[in-house]
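Shown next, in structure tokens, is the structure this report addresses.
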Number of protein chains: 2
Amino acid sequence: MVMDFSQIRRNEHLPARIASQIGREISDGRIAPGEKLPTEHILAKTFGVSRSVVREAIAQLRNEGLVETRQGVGAFATDFEHRQSIRIEQGNLADHASFQSLFQLRLPLEIEAAGLAAVNHTAEDLVKLDEALEQMTGGEKWTEKGVLADLAFHRQIAASTHNEYFLLFLGFIAERIHLAINTAREAAVLTEIVEVTIAEHVAIRDALASRDPIRAREAMRHHLHGAASRLDLQLKVY
Amino acid sequence: MVMDFSQIRRNEHLPARIASQIGREISDGRIAPGEKLPTEHILAKTFGVSRSVVREAIAQLRNEGLVETRQGVGAFATDFEHRQSIRIEQGNLADHASFQSLFQLRLPLEIEAAGLAAVNHTAEDLVKLDEALEQMTGGEKWTEKGVLADLAFHRQIAASTHNEYFLLFLGFIAERIHLAINTAREAAVLTEIVEVTIAEHVAIRDALASRDPIRAREAMRHHLHGAASRLDLQLKVY
DNA sequence: TATTGTACGGTTGTCTGATAACCTTATATG
DNA sequence: CATATAAGGTTATCAGACAACCGTACAATA
């Protein structure tokens, strides 16, 4: 029996495919920055799709900051310096060096966040922090739920800074890191040293509660360096 | 004659506005994660625009990872675990508090970057750094070109860490900040104290060149706090 | 009863064609 | 020469249609 997979594989979002194709033209420099793209009509003809699809593709590129469109003029390739959003492909973090780099970035942010949270947190913040801590210490020690509680703990610290951007960036970064860890199945390693981890979290919490930014920063630094060494990361430090 | 302002005002880029409006519904939790959005037809009716515009808006949200669409079923708000990107609406930074928050976030990143750059930079990095510095000190002191050189200087420091994420995040943040400053026309204030700023930059450069991370961090911290006070920001510090 | 097949309504995906808004360029006009 | 106007091209938006696909309800079958 012969199956025709080329027919079945026809799917996977037409505009996205065309967008990445045009995007590659730009990234590879075949369309120089500032240069005008072909008109929508021409692109539609070239790819053999309708103008709607081309428009959606271009809209996506514009959203990523790769092109700018001017009504009545055309679409132009921009250079990649001013894009409107940050994006991390999950695949990138499979690489150990890349993962380590992201962790290195997280370090100063978490430390600073701990310091700010120590100063800015409210009573409600502390309650939520304790709830997350509760879930970590509770019965089933390091299940999926425990990992989520760990995430929630750090997220709550970011929220306790009352700085929207710390929450936005740290939430994003921590999420990527935890996801990368999970897919790498390194969580197994963590099971054994869970007591240590919890103790470090408690130390952070206590420093926060006593509104001591210096101690909070130090506790967070200690925790992250511990976590890093457990993950076999070699972070620069001085 | 009655005008319906609840409908979208249509002076510029309709889909982007609708996207951010729907996006806010999701971010603020009025549409719960996993919940289904109204159909495109209904959304089109609600906003008083055509389905094409709604589709482009949803495409944008999907690109940002806030919604997922399934053909024949509908569009769903994703739980923010798989949000693939960070985005900052430029309008948000018009608010002084928000601008200050972003600057506060930038602080620890720049400082850490300075420390890492002091350790990791290569000879070429230093050359590029000096080129940026050259453009700042050159003839026309604080024109648009000078501002760009300032940006390039900080960008080069981020690059000198040889950590892709520092470059990605700091480049992004610094860009937003400089844009916000420019649109607020606060650049005029900077004109007078340009000598101070340049001196601070030189101090950073020298610390970097001598591969002294502690001094580099301190120089960067001093510079940013100086810049902050010039911008009338009140940053938390301890 | 339990499983499978099928028809149906609803939703997103794509196509087509038209009109509006806008920009650039060329031409006419004084 | 400078300015106004017309023309043509391009993107933005609109409207309506059909295709592809999904979930469900219900009938058919074993």
Side-chain angles (χ1 to χ4, degrees), chain A residues 3-23 25-26 31 34-78 84, chain B residues 3-23 25-26 31-32 34-78:
Chain A
M3 305 191 75
D4 188 2
F5 283 103
S6 69
Q7 282 294 330
I8 304 177
R9 245 306 148 208
R10 182 198 185 301
N11 262 1
E12 227 37 74
H13 215 211
L14 214 42
R17 281 204 316 230
I18 294 188
S20 73
Q21 195 152 337
I22 299 177
E25 296 278 320
I26 297 175
I31 300 178
E35 193 176 334
K36 184 173 169 304
L37 271 63
T39 72
E40 294 178 349
H41 273 121
I42 295 179
L43 286 174
K45 284 290 177 204
T46 341
F47 289 112
V49 297
S50 86
R51 217 186 123 210
S52 321
V53 175
V54 170
R55 278 192 58 73
E56 236 178 83
I58 290 182
Q60 181 173 332
L61 293 173
R62 182 180 47 217
N63 185 246
E64 292 172 14
L66 277 162
V67 307
E68 279 175 2
T69 60
R70 299 215 310 268
Q71 183 173 194
V73 185
F76 301 82
T78 81
Q84 295 267 323
Chain B
M3 304 196 70
D4 189 2
F5 280 105
S6 71
Q7 304 223 335
I8 296 288
R9 252 184 294 148
R10 44 209 314 132
N11 30 4
E12 77 164 291
H13 217 208
L14 224 34
R17 286 206 218 175
I18 294 189
S20 73
Q21 193 152 335
I22 298 177
E25 297 278 319
I26 296 175
I31 300 178
E35 192 176 336
K36 185 174 168 305
L37 270 63
T39 72
E40 295 177 350
H41 274 119
I42 294 179
L43 286 174
K45 283 290 177 202
T46 325
F47 290 115
V49 299
S50 86
R51 214 185 126 209
S52 320
V53 174
V54 170
R55 278 193 60 73
E56 223 173 279
I58 289 182
Q60 181 173 332
L61 292 173
R62 182 180 46 218
N63 184 246
E64 293 170 19
L66 265 85
V67 307
E68 280 174 0
T69 60
R70 298 206 323 261
Q71 181 170 325
V73 184
F76 300 83
T78 73

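Just so we're clear, the structure is a prediction, and the values are computed from it rather than from any experiment. In what follows, chains carry the letters A, B, and so on, assigned in the order in which the sequence lines appear, proteins first and then strands, with residues in each chain numbered from 1. For the numbers below, each heavy atom of this structure counts, side chains included, while hydrogens, waters and symmetry mates do not.
With the nearest nucleotide of DNA chain D identified for both A:G72 and A:S52, A:G72 has the one nearer the 5' end. Residue-to-nucleotide proximity on DNA chain C shows that, of B:P38 and A:S50, the 5′-proximal contact is made by B:P38.
Scanning all heavy atoms of the two residues, the minimum distance from B:P15 to B:E56 falls at CG-OE2, 3.6 Å.
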Exercise. Would A:L43 and A:I22 count as a side-chain contact (heavy atoms from CB on, under 4.5 Å) if you check the C-alpha gap in whole Å, the side-chain angles of each, and the deciding distance to 0.1 Å?
Worked result: CA-CA 10 Å; A:L43 286 174; A:I22 299 177; 4.2 Å; yes

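Distance check, rounded to the nearest 0.5 Å: CG of B:L37 to OG1 of B:T69 gives 10.5 Å. To the nearest 0.5 Å, atom CD of residue B:E25 and atom CG of residue B:L61 are 11.0 Å apart.
With hydrogens and angles ignored, no donor-acceptor pair closer than 3.5 Å exists between the side chain of B:R70 and the base of D:dG23. Side-chain N/O atoms of B:Q71 and base N/O atoms of D:dA20 include a donor-acceptor pair closer than 3.5 Å.
The CZ atom of A:F47 sits 17 Å away from the C1' atom of C:dC15 (whole-angstrom rounding). Distance CD (A:E40) to P (C:dC15): 14 Å, rounded to an integer number of Å. Taking atom CD of A:E68 as the reference point, atom P of C:dC23 lies 15 Å away to the nearest angstrom. The interatomic distance linking A:F76 (CZ) with C:dT24 (C1') rounds to 11 Å, in whole Å. Atom NE2 of B:H41 and atom P of C:dT14 are 16 Å apart (whole Å). Taking atom CD1 on B:I42 and atom C1' on C:dT11, their separation rounds to 10 Å, with Å as the unit. Look at CD on A:Q60: it is 13 Å from P on C:dG13, rounded to the nearest Å. Counting to the nearest Å, the P atom of C:dT11 and the CG atom of B:L43 are 11 Å from each other.
Looking at B:L66, B:N63, B:V67, B:V53 one by one, the single match for side chain to side chain contact (heavy atoms under 4.5 Å, CB included) with B:I58 turns out to be B:V67.
Using a 4.0 Å cut-off, no side-chain N or O of A:R51 falls inside it from OP1 or OP2 of C:dC15. Residue B:R55 places none of its side-chain N or O atoms closer than 4.0 Å to OP1 or OP2 of D:dA12.
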